[in-house]
Structure formats: structure tokens, C-alpha cells
*Asks:* 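Handing you a structure now.
Order of the sequence lines sets the chain letters (A, B, ...), proteins ahead of strands, with each chain counted from 1.
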Protein chains: 2
Amino acid sequence: MPTDLADDIRAAGLRVTRGRLEVLELLENAPHSDAESIHGLLRDVDPDISIQSVHNILSALAAAGLVRRIEPARSPARYERRLGDNHHHVVCTECGAIEDVDCVVGHAPCLTPSSTSGFAIATAEVNFWGVCPDCAMVAETPAASPVA
Amino acid sequence: MPTDLADDIRAAGLRVTRGRLEVLELLENAPHSDAESIHGLLRDVDPDISIQSVHNILSALAAAGLVRRIEPARSPARYERRLGDNHHHVVCTECGAIEDVDCVVGHAPCLTPSSTSGFAIATAEVNFWGVCPDCAMVAETPAASPVA
DNA sequence: CGGGTAATCGTGAATGACTCAAAACAACGC
DNA sequence: GCGTTGTTTTGAGTCATTCACGATTACCCG
């Protein structure tokens with residue numbers, strides 16, 4: 001039932017266009033993609049699409065709440081389709097790879113900070129930084145290590 | 001004892017220069033500053049300093065572990081001198097203001113995610129997003145509200 | 001305390017990611 | 001099908017940051 005996407009878009013008050021459908025579909029299969037790689041993948045299907053249109057589409061979808069925009073430090077903005085559940089992310093400090101993390105342990109224990117400096121807290125964002133399996137493997141390979 | 005800063009710099013294996021001392025001193029008084037505002041403040045003392053040098057200094061200090069670089073979404077990188085303690089931040093979604101938050105509540109309850117996808121987690125970053133007192137006040141002022 | 005050397009700074013150009021503007025185009029309601 | 005209005009395209013422009021390289025200066029040494 002891929003046509004549900006069209007309904008989602010319409011329900012958000014947006015017009016259904018080819019690009020938007022393709023972006024949404026693509027994000028199902030390749031979550032945490034940035035604008036550039038989305039553009040690259042999109043060109044396979046629609047060679048004439050421009051990078052600006054991708055930005056356009058993504059910000060429209062993000063504003064409509066159909067995708068979530070995440071911006072890890074030292075990385076271009078990435079987008080994902082998992083919404084609603086307030087899950088978090090692990091980011092690889094080596095290659096920038098991102099995976100989802102369900103914050104299973106205690107819903108929001110540290111999400112209620114003690115001193116909020118008077119801020120009206122709306123959301124809490126948690127990012128874990130570490131090394132992904134692939135990069136860890138490369139680092140452990142003796143031949144590949146420059147420092148012996 | 002402001003000269004301690006010089007020792008800190010030396011201890012990190014860096015040469016002690018005027019700019020570096022000034023940046024460190026400045027960050028004590030104005031934490032969470034971005035490169036541009038640091039540059040502006042620095043010019044009061046050293047009018048000839050360039051923005052590139054500020055970037056240079058900041059990345060050297062950050063690489064040496066003397067300052068911490070934080071990069072909230074939709075905001076230029078900011079720098080702070082509080083190190084060691086793993087505190088977090090509240091960011092105002094309206095004006096971008098940042099305040100420190102001591103994660104007093106439970107040291108790392110959600111900092112041990114269940115499924116790490118094989119990542120070797122090194123650090124956890126927590127950002128709270130909300131509205132700061134100043135912006136909240138503006139929003140509540142009827143006259144200032146454009147949507148009535 | 002002066003000299004040599006390599007780190008650091010200044011100048012200027014360049015990059016990456018994204019935004020803005022206006023004209024061409026296409027979705028949707030009729 | 002037709003018109004309205006939201007989208008995309010094209011192209012330029014912005015912002016924060018990085019790169020390159022000659023000029024400068026901090027620090028080690030004698």
C-alpha cells in the first residue's frame with residue numbers, strides 16, 4: 001500500500017507531487033539520509049530533479065510534520081520518517097553513520113532537568129556518540145592502523 | 001590568578017599567545033559564544049585580530065580539550081570552558097539562547113541505551129529545547145503578537 | 001639575552017550546505 | 001478542460017567555516 005503516502009501528504013495540507021512521494025518512499029528504505037544523498041538517489045528515478053527542489057521538498061515535509069529533521073554536529077542535516085515516538089540516535093564519530101536508539105530505559109528520567117533556568121522545556125534530544133562496528137573493525141586491523 | 005590560563009595552554013602542548021589567552025578569558029565571562037561574537041568582543045582588546053584567527057584559535061583549543069564545542073541545530077558552533085562535568089544544555093527555540101543544565105537527576109539512566117546497534121558508546125549528549133523567559137514574555141505580550 | 005626554528009596569525013580565496021527570488025510549471029477543485 | 005495557487009526550476013546569494021601561504025612570533029637553545 002504505497003499510495004498511503006499520498007494520503008499522508010494530502011492530510012498534511014500539501015499537494016501530492018512526484019518528488020514528495022519519492023522522497024517519502026526513499027526515506028523508508030534509507031533513513032537518516034542527508035539532502036545530497038537523497039538527491040543522488042532521486043536522480044535514478046527522476047534525473048531532472050534539482051538539489052534545491054530536494055531542499056524544498058524536505059523543508060516542506062518537515063514543516064508539515066511528515067519527516068523529522070536531525071542535525072548532528074559536523075554533519076549536514078539528515079531526515080527520517082520515524083515520527084511520534086521520541087526515539088534517539090547513535091552517531092559514529094568516525095564516519096557519521098546514524099542508527100536509531102529506542103530510549104527504552106525509563107521514559108524521561110533525565111528529561112526533567114532540575115534547573116531549567118526558567119525555560120519552558122518542550123522537547124529533549126538525546127544523542128549518543130561512539131564508534132560504529134565498521135569503524136571499530138578498521139581501527140583494530142593492525143595493517144590499517146597508521147600508529148602501529 | 002589569570003596566569004593559570006597560560007599554564008593550561010602550555011600543559012596542552014600549545015604555545016601561549018595573546019589571542020588564546022584572551023579567548024579563554026572571554027569564555028569564562030561569556031560562555032556559549034559563537035565565533036563571530038567572540039571575534040567582536042576580542043576586537044575591543046585586540047583590534048587587529050581576524051575572524052579566521054578566531055576560528056583557528058578555537059579549533060586549536062577545542063582539539064587540545066581546553067574548550068568544548070557545541071553545535072545546536074540551526075545555530076553556528078558555540079564554545080564553552082566548562083569541561084569534565086558532563087553537563088547539558090537548554091536551547092531557546094526562538095532566539096537560540098543557551099543555558100547550562102546540570103543533569104542532576106540520575107546520572108545516566110537513559111545514557112545506557114538498550115540497543116546500541118553495536119556502537120561503542122563514548123559520550124551522551126542531551127539537549128533540551130524550549131522557550132527562554134525573555135521570549136516567553138514577548139510571546140505573551142498581546143501587542144507584540146502578530147497573530148493576535 | 002639574542003638566534004634559529006617551527007608553530008601561529010593574517011590575508012585572501014574557496015568550499016559546503018543551505019536560502020532567497022522570480023519565472024515556468026503542474027495539482028487539484030470546478 | 002480551465003483557472004487558481006502551490007511547486008519546481010534556475011540562478012544567484014548567504015553564512016559559517018576551511019584551505020593556502022607568506023609574515024610573524026613564541027619558545028628552546030646556547
*Asks:* Between P on C/dT8 and CD on B/E22, what's the gap in Å once rounded to a whole number?
*Replies:* 16 Å
*Asks:* Hey, which sits more toward the 5' end of DNA chain D by its nearest nucleotide, B/I51 or B/T17?
*Replies:* B/I51
*Asks:* Contacts to DNA chain C from residues 66-81 of chain B, heavy-atom cutoff under 4.0 Å, which residues?
*Replies:* none
*Asks:* In whole angstroms, how far is the C1' atom of C/dC9 from the CG atom of B/L58?
*Replies:* 14 Å
*Asks:* Less than 4.5 Å apart, any side-chain heavy atom of B/L42 and any of B/D44?
*Replies:* no
*Asks:* Testing the basics here: between B/L27 and B/S33, what is the closest heavy-atom pair and its distance to 0.1 Å?
*Replies:* CD2-CB, 4.4 Å
*Asks:* Over how many whole Å does the gap from B/D48 atom CG to D/dT24 atom P extend?
*Replies:* 12 Å
*Asks:* Could A/E71 and A/R78 be called an ion pair, given the rule that one side-chain N must be under 4.0 Å from one carboxylate O?
*Replies:* no
*Asks:* Below 3.5 Å is the cut-off: list the nitrogen or oxygen pairs between protein and nucleotides 3-6 of chain C, distance only.
*Replies:*
none

*Asks:* Determine the minimum heavy-atom distance between B/S117 and A/D100, stating which atoms define it.
*Replies:* OG-O, 4.0 Å
*Asks:* Can A/N127 and A/H88 be counted as having a side-chain donor-acceptor contact under 3.5 angstrom?
*Replies:* no
*Asks:* Compute the ring centroids of B/H55 and B/H39, then answer whether they are less than 6.0 Å apart.
*Replies:* no
*Asks:* From CZ of B/R18 over to C1' of D/dA26, roughly how many Å is that when rounded to an integer?
*Replies:* 15 Å
*Asks:* Can you tell me the distance, in whole Å, between the CD1 atom of B/I49 and the P atom of D/dT24?
*Replies:* 16 Å
*Asks:* Are a donor atom and an acceptor atom from the side chains of B/H89 and B/E80 found within less than 3.5 Å of each other?
*Replies:* yes
*Asks:* I need the residues from residues 30-42 of chain B with at least one non-hydrogen atom less than 4.0 Å from DNA chain D; give them sorted by number, or say none.
*Replies:* B/A35, B/E36
*Asks:* Between C/dC28 atom P and A/D7 atom CG, what is the distance in whole Å?
*Replies:* 11 Å
*Asks:* Can you establish whether the number of heavy atoms outside A/E28 located under 6.0 Å from its atom CD is more than 12?
*Replies:* yes
*Asks:* Which pair of non-hydrogen atoms, one from B/V67 and one from B/L83, has the smallest distance, and what is that distance?
*Replies:* C-CD2, 3.8 Å
*Asks:* Are A/R20 and A/D8 within salt-bridge range, i.e. N to O under 4.0 Å?
*Replies:* no
*Asks:* Tell me the interatomic distance from B/Q52, atom CD, to D/dG22, atom P, rounded to whole angstroms.
*Replies:* 17 Å
*Asks:* In this structure, which one of A/V23, A/L5, A/N29 forms a side chain to side chain contact (heavy atoms under 4.5 Å, CB included) with A/R81?
*Replies:* A/L5
*Asks:* Please give, in whole Å, the distance from D/dA26 C1' to B/L21 CG?
*Replies:* 12 Å
